[in-house]
Amino acid sequence: MEHKILARYPIGNPRRLWQQDNFVLSTFSAKGDNMRGILETCADAGYTMVEIGWASHEQAEEALRLCEELGLELVYQDFSLYGGMQLHQMDRAPLTPADIKAVCDHVRPYKRTIGYYIWDEPFKDDQLKEARRQVDMFEREDPTRCPFTVAIPSYNGIYEWDNGEFAGYLDRYCAVIDPPMLSLDYYPIGLRWYTEEKQLDDSYMWLDVGQMRVLGRKYQMPIWFYYHGQNYQKYKRFTFPMVRMNMYAAVLYGAKALQQFTAVGATVTTDGKPDIFFEDQKKIHREFSKLGNTLMALENVNVIHSDDLLPGCEHMQGLAETMADSRHLTGTLPKRVSVGEFEDAYGNQYLMVLNRDYDADAAITLDLKENSRIYEVSRVTGQQEVIWDETKQINVTLAQGDAILYRIQPAAEEAYTIEYRLEK
């Protein structure tokens, strides 16, 4: 069987200088009582990047040195020097280019520091403008590093779906700041309207990630996503399949980075010891480290959900596709199953199948429009393996909140496997 080696290229906002080379596995707010222990445990758990959100000046300085030593990429944040958070106004004079130059000169020797965390969820229009001003100054002074910001989710109390304000806010965020990527957070488990019985069937998380995909396409920005990685809402129960499902939900929509909120309290304790989800997080990071090279080469085409997700929701229009839009599938999707359809720059076709049920395994049958050859992209090796040489049906059992990535090809074509290699 022929093995094709295909080029892939860095991705990013074409109007910004920073470009993303590889799939990102990150965590927000790795600060704690034992910074060395925390970052060593994060490195062991397979994070490729950390963000020292909300850290003190002293913690941020320690992180600069430790990430250099440990080989972790760092997005540097220090509110005492620059940036902002939501509605909070920093107690300092307006920043000047000279102020930004001083920050960049200080950070410049640290090669593992890949960016500056400039604003955590800029909220009002004046904050969007100030975030943009700082992004531009950082990019002019230090063009090889990423000027990072993240948008606020739709349950913020002002810009929401039900009052008709969220889509406009997120569009303004993209247009005004024009960030290198569109990053958004959403932590659904335990929100005041969450119900155990329905799991996430009625969650507006699906609207937020859908709108991200729309705007990522409109503004040519990769999308990143902060997933629910610890029991932030202090809900009565929180399991790792909930985390896993959130991670795969983002990738289903085309996310090129998974940012955990947060490792501390789930993967690592504040004193640097492995926490309750350490082994699970390490395992899924190994899997994404193998899938990531392929995911970086793919563009999302369609996302299709079973009918039990947000049935009749007026806001879903344009944020997901239906089975009538599918390139490969026919019939109906089983309960709590979602499918993402992808393609690479060469026309090769992929399917990701997600079991949204994080309490039960799912035996899934999908009917195909034509006889197809199906390859699995292995989460152990990253290689493609033929699992059906000719079939009109996919049958797979997925664990709670789990997903699988396939390549799909007409069975009449010659078989070949694919490997992607980064070219710059």
Side-chain angles (χ1 to χ4, degrees), residues 1-8 22-23 25 46 48 241 244-245 247-252 254-256 258 280 282-304 326-330 333-334 337-356 361-423:
M1 186 188 310
E2 183 183 5
H3 181 65
K4 294 186 178 183
I5 298 175
L6 303 179
R8 68 172 180 86
N22 297 302
F23 196 87
L25 298 168
T48 63
R244 179 166 59 205
M245 199 283 289
M247 296 174 78
Y248 273 112
V251 174
L252 198 78
K256 296 298 190 278
L258 292 170
D280 291 313
K282 185 172 184 175
K283 179 177 182 294
I284 202 167
H285 281 163
R286 283 198 300 264
E287 293 174 358
F288 274 110
S289 73
K290 298 302 182 183
L291 293 178
N293 189 53
T294 297
L295 294 173
M296 287 294 291
L298 303 184
E299 180 178 351
N300 179 267
V301 177
N302 292 316
V303 175
I304 303 164
S326 175
R327 294 182 173 186
H328 307 291
L329 302 179
T330 187
L333 293 181
V337 169
S338 295
V339 173
E341 297 186 332
F342 299 81
E343 67 179 3
D344 68 12
Y346 309 90
N348 296 294
Q349 304 288 302
Y350 291 77
L351 289 175
M352 177 171 279
V353 185
L354 168 65
N355 173 20
R356 299 196 315 271
D361 296 351
I364 297 168
T365 297
L366 302 176
D367 293 321
L368 301 172
K369 290 182 176 180
E370 63 176 352
N371 280 329
S372 301
R373 181 176 296 106
I374 306 296
Y375 308 75
E376 180 181 346
V377 183
S378 170
R379 291 184 285 187
V380 176
T381 66
Q383 301 300 307
Q384 299 184 1
E385 305 166 358
V386 175
I387 53 173
W388 291 286
D389 204 53
E390 182 174 352
T391 186
K392 289 198 73 175
Q393 198 171 75
I394 291 174
N395 292 285
V396 61
T397 297
L398 291 176
Q400 304 163 23
D402 204 5
I404 192 166
L405 180 63
Y406 296 119
R407 181 164 72 87
I408 182 168
Q409 175 194 23
E413 294 180 2
E414 289 294 321
Y416 60 90
T417 55
I418 295 173
E419 178 183 347
Y420 298 98
R421 292 190 182 170
L422 176 66
E423 292 190 8

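Treat the numbers as computed from the prediction; the structure is a model and nothing was measured. Reckoned from all heavy atoms, side chains included, excluding hydrogens, waters and symmetry mates.
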Got a sec, which residues hit side-chain contact (heavy atoms from CB on, under 4.5 Å) with [X], two or more places apart in sequence or on another chain?
X    : value
Q393 : T365, D367, T391, N395
E414 : none
A345 : none

Next on the checklist: Walk me through whether T417 and Q383 qualify under side chain to side chain contact (heavy atoms under 4.5 Å, CB included).
Outcome noted: CA-CA 8 Å; T417 55; Q383 301 300 307; over 6 Å; no
Next on the checklist: Going by ring-ring contact (aromatic ring centres under 6.0 Å, His included), name the residues that satisfy it together with H328, two or more places apart in sequence or in a different chain.
Outcome noted: none
Checklist entry - Quick one: ring-ring contact (aromatic ring centres under 6.0 Å, His included) partners of Y248, sequence neighbours excluded? => result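 Only F288 meet the ring-ring contact (aromatic ring centres under 6.0 Å, His included) criterion with Y248.
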Checklist entry - More than 12 heavy atoms of other residues, nucleotides or ligands under 6.0 Å from NZ of K282: is that the case? => result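 More than 12 within 6.0 Å, yes.
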Nearest 0.5 Å, what's the [atom1]-[atom2] distance between [X] and [Y]?
X    : Y    : atom1 : atom2 : answer
R407 : Q384 : CZ    : CD    : 4.5 Å
N300 : Y350 : CG    : OH    : 14.5 Å
E390 : E370 : CD    : CD    : 10.5 Å
K392 : L368 : NZ    : CG    : 8.0 Å
I408 : K369 : CD1   : NZ    : 10.5 Å

Are the side chain of [X] and the backbone of [Y] linked by a donor-acceptor contact shorter than 3.5 Å?
X    : Y    : result
E341 : R327 : yes
R421 : A7   : no
R244 : Q400 : yes

Item to check | Residue of the set N293, D344, T294 for which side-chain hydrogen bond (donor to acceptor under 3.5 Å, both in side chains) holds with R8 | outcome: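 Exactly one candidate clears the test, N293.
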Item to check | Derivation of the side chain to side chain contact (heavy atoms under 4.5 Å, CB included) call for L291 and V251 | outcome: CA-CA 11 Å; L291 293 178; V251 174; over 6 Å; no
Next on the checklist: Show me the pairs that pass ring pair (Phe, Tyr, Trp, His ring centres under 6.0 Å) and involve residues 371-396, at least two apart or across chains.
Outcome noted: none
Checklist outcome for this item: R373 and A411 have their tightest heavy-atom pair at NH2-O, 3.0 Å
Item to check | Single hit among I374, N302, I394 for side chain to side chain contact (heavy atoms under 4.5 Å, CB included) with L351 | outcome: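 When I374, N302, I394 are each tested with L351, the side chain to side chain contact (heavy atoms under 4.5 Å, CB included) holds only for I394.
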